[in-house]
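All remarks here apply to the structure that follows.
Letters A, B, ... are given to chains in the order of the sequence lines, protein chains preceding strands, and every chain is numbered from 1.
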Amino acid sequence: MQRKFRLTRSDDFKRVRQSGRSYAHPLVVLVARASDQPRVRVGVAAGRTVGNAVYRNRAKRLLREAMRPLVAGIPAGWDLILIARPGLTTATLTDTRVALDSLLRRAGLTPIHEA
RNA sequence: CAGGUUGGUCGGGCAGUCGCGGCUCCGCGUUGACGGGGUCGAGGAAAGUCCGCACUCCAUAGAGCACGGCGUCGGAUAGCACCCGGGGCGGGAAAGCCGCCGAGAGGCGCGAACCUGCCGGAACAGGGCCACAGAAACAAACAGCUACUCCUCCCUUACGGGCGGGGUAGUGAUGGUGAAACGGUGGUGUAAGAGACCACCGGCGCGUGCAGUAAUGCACGCGGCCAGGUAACCCCCGCCGGGAGCAAGGCCAAGCAGGAGCGAAUUCGUCUGUGGACGAUGGGAAACGGCUCGUUUCCACACGUGCCCUCCCCAACCGUGGGGAAGGCCAGCUCCGGGUAGGCUGCAUCGAGCGGCGCGGUGACGCACCGCCCAGAGAGAUGACUGCACAGGCGGAAGCAAUUCCGCUGGACAGAAUGCGGCUUAUAGACCGGCCUGAGGC
RNA sequence: CGGGGCGUGGCGCAGCCCGGCUAGCGCGCUUGCAUGGGGUGCAAGAGGUCGGAGGUUCAAAUCCUCUCGCCCCGA
C-alpha cells in the first residue's frame with residue numbers, strides 16, 4: 001500500500017480513535033470515521049499484547065498487504081484504522097483478507113470489486 | 001575410528017509473479033498525491049543497555065575536599081572493569097590405570113585435555129563486626145594439673161600422710177564449645193608445664209644466586225619461633241572521573257497570546273500600575289467508586305479571588321457613592337522578539353569503514369598493497385504467493401548390508417532508528433579445525 | 001534514548017542501609033468453642049524455593065555480579 005493512502009499524523013490517529021465508529025473481529029479491529037480528504041486513508045497499529053517487535057511488524061505488514069487491493073473499492077473521504085489482535089500472528093494472508101472483508105461490509109464500506 | 005573437550009565459519013539457496021521504502025534517470029495533448037526504467041535495501045546478536053569512546057550542548061582561573069569507579073604482571077587499543085598472553089590462590093571435570101584396601105563386586109587416594117571464580121594494603125596505620133555455644137572471639141583462665149598455705153575430719157607416739165573445702169601463685173599439656181581457640185611430630189626440660197630450648201616438617205619474613213621484561217618460580221642461607229577471620233564492612237594507598245545526552249543540538253516557523261506602528265469611527269459604553277500569592281468555581285486529561293453524580297491527582301499562553309486598586313474634588317467612621325481629568329480597550333493591516341504544533345537538519349558514501357591478499361606477532365592486533373562505496377524509516381520500508389532443488393525428521397518399499405526410490409512433514413532466535421568497540425543474554429541446524437584419552441593399521 | 005523504583009505465605013506490606021535470632025504484621029484460609037443458623041467474638045493451626053543463577057563469607061531475604069518480569073518519570 002502506497003504511503004499516499006496511509007494515515008500518518010498523530011492528530012489524525014487521535015481524531016479517528018476518539019470520534020470514529022469501531023467494529024471488532026477476533027483478528028482485527030476496524031475504526032472508521034469520515035474526513036474531508038478526497039481519498040481513503042488507512043492506518044495500522046499493533047500494541048504490545050500482539051507480541052515482540054517481529055510479530056508486531058508482521059501483523060502490520062499482513063494488514064497493509066491485505067488492505068492493498070481493497071482500497072480502490074472504498075468510497076473516498078474515509079479514514080480507517082486497523083488494530084491488530086494477538087491471533088493475527090498465526091494467521092495467513094487469506095485469513096486476514098476474509099476478516100477485513102467482513103469488517104468493511106459491516107461498516108457499510110462494501111468494496112465494489114466483485115461487481 | 002570412538003569418546004571427551006574446545007575454537008571458528010554460516011545461519012537458509014535459486015527462479016517467477018505481485019507489492020513497499022531511499023537515491024537517481026527518463027517521459028508528457030492530462031506537470032500530478034502522475035507513469036516508467038535503473039540501482040540499493042536488516043543482524044550475529046540489529047536485543048539487553050552492563051562498560052568504554054566519537055559527536056553535541058551547558059558549566060568551568062587553578063588546586064584541593066567530598067562522592068563514585070577501578071586495582072596480579074606484561075601487552076593490545078582512539079579508548080575500555082569484561083580484549084590477548086602469562087602468574088598466584090581456590091573450585092570443578094573425569095579419561096587413565098599408577099598406588100592402597102578387598103576373595104570378588106567395589107571403595108579410597110592420585111589424576112590429562114579442558115572449564116570456571118577471585119586478585120592493592122600477605123588485615124603489625126586505625127576503627128567496627130564475628131550470631132548460638134563457649135571461661136575466653138584477640139589476647140582469655142571454666143573444669144583440670146602443679147606448688148605453697150589455711151580450716152574441719154581421719155591415720156600415726158611423733159615427723160609426716162590422706163579425704164573434703166577455701167585462699168595465693170604458676171600453667172596453657174588435657175577436656176568440652178564452635179566455622180574459627182594462638183603451628184604439627186618427636187625429644188630436652190620442669191613442681192606441673194609451655195618454642196622455654198633442640199631436630200625435622202609446615203608457614204612467614206629477609207638476603208643471595210639462577211630463569212623470566214615483570215608478576216612469579218626454583219635452589220641455598222639466615223631470622224624470630226608463629227602473626228585468627230572479615231576490606232564484594234568502614235577505612236588507607238595508587239590511578240581515573242565536570243554534568244547531561246541525538247528526546248543532545250542547530251535552522252525555519254502556522255495558530256493563539258504579547259509588543260510597536262499605521263489607521264477608521266465614537267465621545268456611547270467599559271476598564272485602570274508592577275510584581276507576586278492562593279484556589280471556592282469553570283474547562284480539559286486520567287484514576288477510583290454499583291449510579292445522569294461525586295472524590296482525588298495532574299495540566300494551561302484559561303479563569304477567578306483578595307492584598308492592592310492612575311490622579312484631583314465633594315460626601316462619609318469604613319465599605320462605598322457622586323463628579324471631573326488623563327490613558328487604555330472594543331475592525332483591519334504592516335512590522336518585531338521569543339517560540340508551541342509542524343517541517344528541515346544533525347543522518348545515511350569517506351568512516352578508529354568494508355572485502356581480498358601478503359607480511360610481522362603465540363595472540364589481542366598492527367603494517368603494506370589492490371579493489372569497493374555498502375540500509376536510512378519517521379504510525380516507522382525488506383513482505384506475500386507459487387515452483388524447484390538442498391540439509392534434517394517420520395512412514396513405506398527393495399536389498400544380506402552400505403544404500404536407493406516414493407510419500408508426508410519441515411528451516412531457530414529475532415527487526416536497524418546518531419555511529420562505533422567490548423560484554424551479557426536468546427538461538428533449529430549445518431560445516432571446518434585444535435587439544436586430550438583409548439583402540440587398530442602402516 | 002535516558003533516569004528511577006518494585007518483586008517476601010492467597011492478597012497488601014515490614015525486615016535489607018549496619019549479614020546470624022523462629023522471616024514478622026494485618027486481612028484471608030482451616031479446625032474447634034459459642035449460636036437454632038449466619039455474622040461478630042474466643043482459642044488453636046496450616047501455609048513462604050524471600051523472582052532466577054552464580055559469587056564473597058563460618059553464615060546471605062540482606063553484600064557483589066549477571067539475568068527475568070512489572071511499574072513510574074522525562075519530548
Does any part of the side chain of A/Met67, heavy atoms only, come nearer than 4.5 Å to the side chain of A/Leu80, both counted from C-beta? yes
For nucleotides [N] and [M], find the distance between their [atom1] atoms and express it as a whole number of Å.
N	M	atom1	value
B/rG366	B/rG422	P	11 Å
B/rU340	B/rC301	C1'	9 Å
B/rC18	B/rA414	P	35 Å
B/rG407	B/rG429	C1'	24 Å
B/rA78	B/rA364	C1'	16 Å
B/rC83	B/rU437	P	29 Å
B/rG338	B/rC252	P	9 Å
B/rC370	B/rC359	C1'	15 Å

I want to verify the glycosidic state of [N]; is it syn or anti under the 90° rule?
N	result
B/rC405	anti
B/rG229	anti
B/rC374	syn
B/rG96	anti
B/rA42	syn

Would you indicate which nucleotide in [options] comes nearest to any side-chain atom of [X]?
X	options	result
A/Val54	B/rA414, B/rA42, B/rG380	B/rA414
A/Arg58	B/rG383, B/rG19, B/rA381	B/rG383
A/Arg68	B/rA384, B/rA414, B/rC18	B/rC18
A/Ala45	B/rG19, B/rA379, B/rA414	B/rA379

Pair assignment for [N], Watson-Crick or G-U wobble, requiring both distances under 3.5 Å:
N	value
B/rC394	B/rG407
B/rU49	none
B/rU349	none
B/rC268	none
C/rC42	C/rG32
B/rA169	B/rU146
B/rC220	B/rG207
B/rG337	none

For A/Ser102 and A/His25 the tightest heavy-atom approach is OG-CD2, 3.9 Å
Spacing of A/Leu88 atom CG and A/Arg85 atom CZ [to the nearest 0.5 Å]: 11.0 Å
In whole Å, I'd like the distance from the [atom1] atom of [X] to the [atom2] atom of [N].
X	N	atom1	atom2	value
A/Asn57	B/rA47	CG	P	13 Å
A/Glu65	B/rU17	CD	P	16 Å
A/Ile81	B/rG380	CD1	P	12 Å
A/Lys60	B/rC20	NZ	C1'	14 Å
A/Met67	B/rG383	CE	P	22 Å
A/Leu63	B/rG19	CG	P	20 Å

Which residue, A/Val29, A/Thr96, A/Val42, forms the side chain to side chain contact (heavy atoms under 4.5 Å, CB included) with A/Leu82? A/Val42
Do A/Leu63 and A/Val28 pass the side-chain contact (heavy atoms from CB on, under 4.5 Å) test, and can you show the C-alpha distance, the side-chain angles, and the key distance before you say yes or no? CA-CA 9 Å; A/Leu63 290 177; A/Val28 197; 3.9 Å; yes
By nearest-heavy-atom nucleotide on RNA chain B, the more 5' of A/Gly43 and A/Thr92 is A/Gly43
A/Tyr55 or A/Arg61: which one's nearest nucleotide on RNA chain B is closer to the 5' end? A/Arg61
Please determine if A/Asp79 and A/Arg41 form a salt bridge, counting it only when a charged side-chain N lies under 4.0 Å from a carboxylate O. yes
Considering only NZ, NE, NH1 and NH2 on the basic side and carboxylate oxygens on the acidic side, decide whether A/Arg97 and A/Asp101 come within less than 4.0 Å. no
Does OP1 or OP2 of B/rG21 have a side-chain N or O of A/Arg64 closer than 4.0 Å? no
Tell me whether A/Leu70 shares a hydrophobic cluster with A/Leu103, the cluster being built from Ile, Leu, Val, Met, Phe, Trp, Tyr side chains joined at under 4.5 Å. yes
